[in-house]
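The structure appears right after this line, and notes come after that.
Throughout, numbering of the chain's residues begins at 1 and tracks the sequence. Quantities reported herein were computed from a predicted structural model and do not represent experimental measurements.
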Amino acid sequence: MAHAFLLRGARQVVGSVRDVDADATRTFALEFYAALASLPAGDVAEAWRAAYLSARASVEPSLQDDLRMLRLFVP
């Protein structure tokens, strides 16, 4: 699905390579959008990294593997 968005012109897409637990995804998404708001415009890779590290520190250990399935796709 991410590749379809990229082919249609998206500059970056956050997606996963397999199903990810909803709690892990929610935690990552909240951290990601907070990081996007606090970083300079266009620094999506750094926002992804900050969100990943923050979410990893706050989710249960059993969900940390799910976070590793999240990717930042770029053309």
Side-chain angles (χ1 to χ4, degrees):
M1 182 67 110
H3 292 97
F5 281 98
L6 293 171
L7 288 172
R8 294 299 296 165
R11 288 188 224 146
Q12 302 94 9
V13 176
V14 174
S16 66
V17 294
R18 68 165 174 82
D19 288 342
V20 178
D21 178 80
D23 289 333
T25 304
R26 182 182 317 103
T27 301
F28 175 83
L30 292 171
E31 296 292 340
F32 180 67
Y33 285 110
L36 277 177
S38 68
L39 292 170
D43 205 353
V44 179
E46 182 56 32
W48 186 96
R49 181 182 177 281
Y52 173 80
L53 293 174
S54 181
R56 184 167 162 75
S58 63
V59 298
E60 298 176 27
S62 63
L63 298 178
Q64 290 179 355
D65 283 344
D66 280 6
L67 288 174
R68 291 189 328 186
M69 298 300 115
L70 297 172
R71 302 285 190 272
L72 176 63
F73 297 94
V74 294

Grab the two heavy atoms, one from L67 and one from A55, that are nearest each other, plus how far apart they are. CD1-C, 3.6 Å
Side chain to side chain donor-acceptor pair (under 3.5 Å) involving R11 - partner list, sequence neighbours excluded: none
Same cluster for V44 and L39 if Ile/Leu/Val/Met/Phe/Trp/Tyr side chains link at under 4.5 Å? no
Are more than 12 heavy atoms, taken from residues, nucleotides or ligands other than F5, located less than 6.0 Å from that residue's CZ atom? no
Would you say the side chain of V14 lies within less than 4.5 Å of the side chain of F28, judging by non-hydrogen atoms? yes
Check against side chain to side chain contact (heavy atoms under 4.5 Å, CB included), Y52 and R68: CA-CA 8 Å; Y52 173 80; R68 291 189 328 186; 3.3 Å; yes
Starting at CG of L72, measure out to CD of E46 and round the result to the nearest 0.5 Å. 11.5 Å
Give me the atom names and distance for the closest heavy-atom approach of P75 to A10. CG-O, 4.1 Å
For residues A2 and F73, report the shortest heavy-atom separation together with the two atoms involved. CB-CD1, 3.5 Å
Is there a chain of hydrophobic side chains (I, L, V, M, F, W, Y, each step under 4.5 Å between heavy atoms) that links Y33 to L70? yes
Can you name the closest pair of heavy atoms from D65 and R18 and give their distance? O-NH2, 4.1 Å
For D23, which residues count as a side chain to side chain contact (heavy atoms under 4.5 Å, CB included) partner, sequence neighbours excluded? D21, R26, L63
Would a single hydrophobic cluster contain both M69 and L53, if residues Ile, Leu, Val, Met, Phe, Trp and Tyr are joined by side-chain heavy-atom contacts under 4.5 Å? yes
Could you pull out the closest heavy-atom pair between W48 and R71, with the gap in Å? NE1-C, 3.8 Å
To the nearest 0.5 Å, how far apart are CZ in R49 and CG in D43? 11.0 Å
